[in-house]
Amino acid sequence: MKSRYDFKEIEAKWRMQWEKNPINKEDDKKPRFYCLDMFPYPSGTGLHVGHWRGYVLSDVVSRHMVLKGYQVLHPMGWDAFGLPAENFAIKHNIHPRIATADNVANVKRQLHEISAIYDWDREVNTTDPEYYKWTQWIFVQMFKKGLAYEKEMPLNWCPSCKCVLANEEATNGVCERCGTVVTKKNLRQWMLKITAYADRLLEDLQLLDWPDKVKKMQSDWIGKSYGAEVEFKVKDSDKVITVYTTRPDTLYGATFMVLSPEYKDLAALTTPEYKEAMEKYCFEASTKSSVDRVTNKEKTGVFTGSYGINPLNGELVPIWVSDYVLADYGTGAIMCVPAHDERDFEFAKKFNLPIRQVILPEGTEEKELEEAYTGDGIIINSGEWNGMKAFDAKQMAPDYLEKRGLGKKTINYKLRDWVFSRQRYWGEPIPIVHCPHCGAVAVPEEQLPVMLPEVESYKPTDTGESPLAQIHEWVNTSCPQCGGPAKRETNTMPQWAGSSWYFLRYVDNHNDKELASKEALRKWAPVDLYVGGIEHAVLHLLYARFYTKFLYDIGVVEFTEPFKRLFNQGMITKNGAKMSKSVGNVVSPDELVENYGCDSLRMYELFVGPPELDSDWDDSGIDGVFRFLNKVWKFVMNYKDIELADTKELEYTRNKMIYDITNRLEALTMNTVVSGFMEYTNKLTEIAKKENGLNRVTLEALIVLLAPFTPHIAEELWQEMGHTDSVFTAGWPVCDESKLKTDTIDIAVQVNGRVRGNITISADAQKEEVIAQAKELAASKIEGQTIVKEIYVPGRIVNFVVK
RNA sequence: GCGGACAUGGCGGAACUGGCAGACGCGCCAGACUCAAAAUCUGGUUAUGGUGACAUAGUGUGGGUUCGAUUCCCACUGUCCGCACCA
């Protein structure tokens with residue numbers, strides 16, 4: 001008998017065993033389960049204890065499913081294109097491929113320390129030409145369907161990364177990667193028409209078992225709104241200004257209009273008198289960053305000199321220009337109802353424009369407004385609409401306008417098309433050839449992949465041109481369509497391209513005929529459980545949903561959503577800060593594994609706190625888990641050869657343990673699973689001491705329950721119990737619920753809601769009997785007072801209300 | 001500014017549909033073992049009062065509903081997150 005828990009020896013031994021004989025073999029007689037982690041970027045810093053958290057959780061689930069008799073797909077790979085490797089390459093003049101390969105090797109070594117059941121035959125790497133061939137293939141399909149198109153427009157430009165950014169990468173007007181304030185730059189770029197999927201991306205959210213928070217973030221990002229487009233004729237002009245409004249019910253209250261500085265007809269609408277001021281204002285607006293446009297709270301603007309005509313009452317309304325109106329939302333022009341919109345109110349006050357109230361809060365009198373009133377009420381000052389409820393008027397107005405030819409019902413989205421090209425080296429080349437005769441032509445599918453060429457300098461330029469543009473022998477090619485001289489597209493794809501579909505490749509990663517075979521996809525996809533951080537809520541997770549829907553439309557996959565269930569694990573911080581090399585607070589798992597072992601660290605990762613919340617790392621807590629595993633070791637060693645008949649108490653405790661651990665594991669409340677293990681081990685130890693023994697069925701149940709969490713020690717103890725096969729063939733213990741009913745129960749006795757003691761009674765005792773006993777117990781507290789009411793909640797509580 | 005989440009001992013955190021608050025762990029205190037220390041084991045550990053059984057208060061603050069509230073409702077304070085002039 002081994003008296004000491006020698007984790008080093010045990011863990012090395014079982015890692016070798018599993019390598020020889022994996023516990024998770026494919027077997028189509030079994031049901032299947034696809035459990036996926038968001039694949040890592042192989043950074044030079046390597047993994048820290050925060051990465052472990054998600055990987056351990058998904059591995060616990062995977063191993064649990066194996067024990068439940070499933071065949072499990074639990075793969076791992078590398079999201080390896082991207083800026084850090086490229087920046088490293090620029091600094092040290094080492095090809096990003098080499099730096100990436102080094103990092104992959106190191107992170108892979110660290111991943112082995114987790115002892116997850118990854119199937120490394122299924123490894124994918126987004127920078128592998130055999131992989132990005134299919135990333136390019138998907139782009140070509142989108143191009144053929146008109147979903148990938150070129151457009152020149154002002155775009156988010158990060159002056160530090162020297163690269164354009166998608167809207168999703170520039171929230172708050174700041175670069176998502178480096179925090180630099182984003183400016184605007186007018187560039188020709190490739191776009192993906194994700195807006196064509198806006199409605200489906202919104203509607204299908206309801207099919208998903210995802211955290212509400214993520215669903216809300218996506219639906220807010222898509223930003224669907226219902227309203228109307230209304231046409232305003234311009235006085236003494238043939239121009240018409242169409243505005244978009246979600247409040248057509250307030251149309252009678254429109255007292256002026258505002259155009260964005262980029263509005264297309266602006267020059268024609270500006271009278272000579274205001275021309276100079278207008279040009280100055282528009283020039284200034286164009287040089288402001290989007291952050292300045294927002295943070296400069298004070299409203300600014302210039303009058304055009306023109307007037308629009310309110311289509312309902314024929315009133316003349318002055319037309320102004322202001323940068324608070326966005327060029328790329330709605331029509332770039334708005335009608336202003338200062339009485340009922342805060343921004344319009346502010347503008348009207350600043351420039352002394354009229355304010356007319358058209359909604360009166362119910363039960364009040366019309367009086368001068370101190371601020372915009374945006375609530376519901378009764379329509380006034382609005383011709384034949386007077387007396388209606390604003391809410392009803394809002395519903396009715398679009399149809400009303402449409403019938404009279406004054407406007408139409410409209411739906412708008414905040415979601416914009418996805419800016420898909422980047423002016424950087426380390427990414428997938430966009431498989432397009434520009435021909436002076438044929439225009440943009442897709443590279444024929446049989447010529448894919450378009451390989452990323454060697455280049456002398458990886459340095460990005462300030463001009464918005466990719467480093468690839470310098471390689472003339474690569475750039476100059478012939479047109480696949482007419483054979484004439486042509487030039488290759490020199491931009492590359494954003495990092496999100498490879499990660500938007502990688503979960504499909506795992507199911508059939510060696511396939512060189514198609515992205516993945518129908519059979520393999522049918523077998524494994526979509527993903528049953530997806531585990532990763534919340535930071536991708538509107539980036540990767542939105543893009544992957546879009547790709548999946550597109551691939552569904554062209555018949556590649558047979559499902560419309562990639563991830564059935566999503567779990568967002570919280571971040572692990574150190575001293576309250578996100579772990580980073582520059583802050584110097586990175587806690588590496590390597591040393592902890594060395595000192596405590598993989599099993600202890602796995603269990604402690606789950607014990608630090610609720611897995612969906614952020615937790616601050618504290619090394620000292622791992623001692624508790626380590627002590628626990630030592631206790632389990634001794635406990636099993638002490639009692640494995642002493643067979644005791646089941647007592648009622650033991651039977652109950654064992655079944656309750658199985659019941660609690662299983663439920664908590666399936667709810668993914670892993671911190672309570674760990675505390676549950678400690679609690680039940682304490683209880684069983686007490687029983688064993690009292691009875692002077694235990695039994696096999698109880699010890700084995702404990703060992704199997706532990707197996708997904710601490711697989712090495714579980715295998716070793718399983719062997720100590722005399723088994724020759726793996727603990728993962730044992731099957732998940734089943735709780736006999738009939739044993740959860742006990743003969744006696746404890747009932748708390750309260751007087752006026754305050755607990756005064758406990759009574760232990762027979763489980764099938766009648767109400768009268770319970771109350772009689774409770775009364776006896778509480779006699780001294782009731783004495784001298786009268787019982788007004790007796791409350792009896794069977795199995796829980798008796799409460800006497802006394803006066 | 002708008003929207004959302006959260007608030008429990010010295011610390012991390014438990015508490016299923018309203019029913020014995022503080023499980024479990026860390027830390028701390030005391031004891032055992034030891035020449036000594038570490039490790040290990042045993043006991044204690046919300047606060048106040050009492051030698052004591054016990055009593056009283058107590059889940060951010062103030063109110064409400066209820067026989068009974070950490071849990072439900074209202075207001076406030078604080079922390080975190082998302083969006084950021086989307087008409």
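Residue numbering restarts at 1 for every chain, and letters A, B, ... go by the order of the sequence lines. The figures that follow rest on heavy atoms only: side chains count, while hydrogens, waters and symmetry mates do not.
A side-chain donor-acceptor contact under 3.5 Å links A:Ser225 and A:Tyr329.
Look at CG on A:Leu613: it is 14 Å from C1' on B:U8, rounded to the nearest Å. Put simply, OH on A:Tyr604 is 10 Å from P on B:C26, counting in whole angstrom units. In this structure, CD of A:Glu342 is placed 11 Å from P of B:G3, rounded to the nearest angstrom. One can place OH of A:Tyr5 at 17 Å from C1' of B:A39, the figure rounded to the nearest angstrom. One atom, CG of A:Leu740, and another, P of B:C16, lie 18 Å apart when rounded to the nearest Å. A:Arg796 has its CZ atom 8 Å from the P atom of B:C20, to the nearest Å. Taking atom CG of A:Leu251 as the reference point, atom P of B:A87 lies 16 Å away to the nearest angstrom. Note: NZ (A:Lys634) to P (B:U40) measures 8 Å, nearest angstrom.
Pairing of B:G52, defined by two Watson-Crick or G-U wobble distances under 3.5 Å, is not identified with any nucleotide. The partner of B:C67 is B:G19, judged by Watson-Crick or G-U wobble contacts that both fall below 3.5 Å. Pairing for B:A75 is with B:U61, a Watson-Crick or G-U wobble pair whose two hydrogen-bonding atom distances lie under 3.5 Å. Partner assigned to B:U45 is B:G27, using Watson-Crick or G-U wobble distances below 3.5 angstrom. B:C2 and B:G82 make up a base pair, with Watson-Crick or G-U wobble contacts both under 3.5 Å. In a base pair of the Watson-Crick type (N1 to N3 plus N6-O4 or O6-N4) or a G-U wobble (N1-O2 and O6-N3), with each distance short of 3.5 Å, B:G9 is matched with no nucleotide. The pairing partner recorded for B:A14 is none, the criterion being a Watson-Crick or G-U wobble arrangement whose two distances lie under 3.5 angstrom. The partner of B:A38 is absent, by the rule that a Watson-Crick or G-U pair needs both atom distances under 3.5 Å.
A:Gln750 comes within 4.0 angstrom of a nucleotide base, judged by non-hydrogen atoms across all strands. Note on A:Asp618: nothing from the nucleic acid sits closer than 4.0 angstrom, heavy atoms only. Across all strands, A:Lys631 comes closer than 4.0 Å only to sugar-phosphate atoms, never to a base (heavy-atom distances). Residue contacts for A:Lys689: at a heavy-atom cut-off of 4.0 Å it reaches the sugar-phosphate backbone alone, with no base atom in range. Within the 4.0 angstrom heavy-atom criterion, no nucleotide atom of any strand lies near A:Asp220. Nucleic acid contact for A:Val793: base, since at least one base atom lies under 4.0 Å from a heavy atom of the residue.
Nucleotides B:A39 and B:G52 place their P atoms 31 Å apart, quoted to the nearest Å. Comparing the C1' positions of B:A87 and B:C6 gives a spacing of 33 Å, expressed to the nearest Å. Between B:G27 and B:A38, the distance separating the two P atoms is 13 Å to the nearest Å. One C1' atom belongs to B:C80, the other to B:G60, and the distance between them is 15 Å to the nearest Å. Only the P atoms considered, B:G58 is 16 Å distant from B:U48, to the nearest whole Å. One P atom belongs to B:C54, the other to B:G4, and the distance between them is 47 Å to the nearest Å. The C1' atoms of B:G9 and B:C29 are separated by 16 Å, rounded to the nearest whole Å. Between B:U34 and B:U40, the distance separating the two C1' atoms is 12 Å to the nearest Å.
Side-chain proximity of A:Asp323 to the nucleotides B:U17, B:C85, B:G68 is greatest for B:C85. Counting only heavy atoms from C-beta on, A:Asn758 has its side chain closest to B:C20 among B:G12, B:C20, B:C67. For A:Ser615, taking side-chain heavy atoms from C-beta onward, the closest of the listed nucleotides B:C83, B:C67, B:G13 is B:G13. Which of B:C67, B:G82, B:A14 sits closest to the side chain of A:Met217 comes down to B:G82.
In this structure, A:Lys213 does not reach the B:G4 phosphate: none of its side-chain N or O atoms is under 4.0 Å from OP1 or OP2. Within the structure, every side-chain polar atom (N or O) of A:Tyr324 is placed at least 4.0 Å from both OP1 and OP2 of B:A87. The phosphate of B:G13 has neither OP1 nor OP2 within less than 4.0 Å of any side-chain N or O from A:Thr672. For the pair A:Arg627 and B:G25, the criterion of a side-chain N or O lying under 4.0 Å from OP1 or OP2 is not met. In this structure, A:Arg754 does not reach the B:A21 phosphate: none of its side-chain N or O atoms is under 4.0 Å from OP1 or OP2. Look at A:Asn682 and you'll find a side-chain N or O under 4.0 angstrom from OP1 or OP2 of B:G25. Using a 4.0 Å cut-off, no side-chain N or O of A:Lys216 falls inside it from OP1 or OP2 of B:C2. Between B:A14 and A:Asn671, a contact under 4.0 Å exists linking OP1 or OP2 to a side-chain N or O. One finds a side-chain N or O of A:Arg756 lying less than 4.0 angstrom from the OP1 or OP2 phosphate oxygen of B:A55.
Using a cut-off of 4.0 Å between Lys/Arg side-chain N and Asp/Glu carboxylate O, A:Lys299 and A:Glu346 are scored as salt-bridged. Look at A:Lys656 and A:Glu737 and you find no salt bridge, because none of the NZ, NE, NH1 or NH2 atoms lies under 4.0 Å from a carboxylate O. Using a 4.0 Å cut-off between charged nitrogen and carboxylate oxygen, A:Arg247 and A:Asp341 do not count as a salt-bridge pair. Salt-bridge check for A:Lys574 with A:Asp616: failed, with every basic side-chain N at 4.0 Å or more from each acidic carboxylate O. A:Lys409 and A:Glu229 are not joined by a salt bridge, as no carboxylate oxygen comes within less than 4.0 angstrom of a charged side-chain nitrogen.
Take the nearest nucleotide of RNA chain B for A:Gly609 and for A:Lys414: the residue whose nucleotide is more 5' is A:Gly609. Of the residues near RNA chain B, A:Gly624 and A:Asp746, the one whose nearest nucleotide (by heavy atom distance) lies more toward the 5' end is A:Asp746.
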For this session: Show your reasoning for whether ring pair (Phe, Tyr, Trp, His ring centres under 6.0 Å) applies to A:Phe347 and A:Trp320.
Result: CA-CA 10 Å; A:Phe347 195 85; A:Trp320 286 66; 5.6 Å; yes
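More than 90° away from 0 lies the glycosidic angle of B:G25, which makes this nucleotide anti.
Note on residues 680-690 of chain A: pairs passing side chain to side chain donor-acceptor pair (under 3.5 Å), not counting sequence neighbours, are A:Glu649-A:Lys690, A:Asp660-A:Tyr680.
Using a distance-only test at 3.5 Å, with no hydrogens or angles considered, a donor-acceptor pair links the side chain of A:Asn752 to the main chain of A:Val802.
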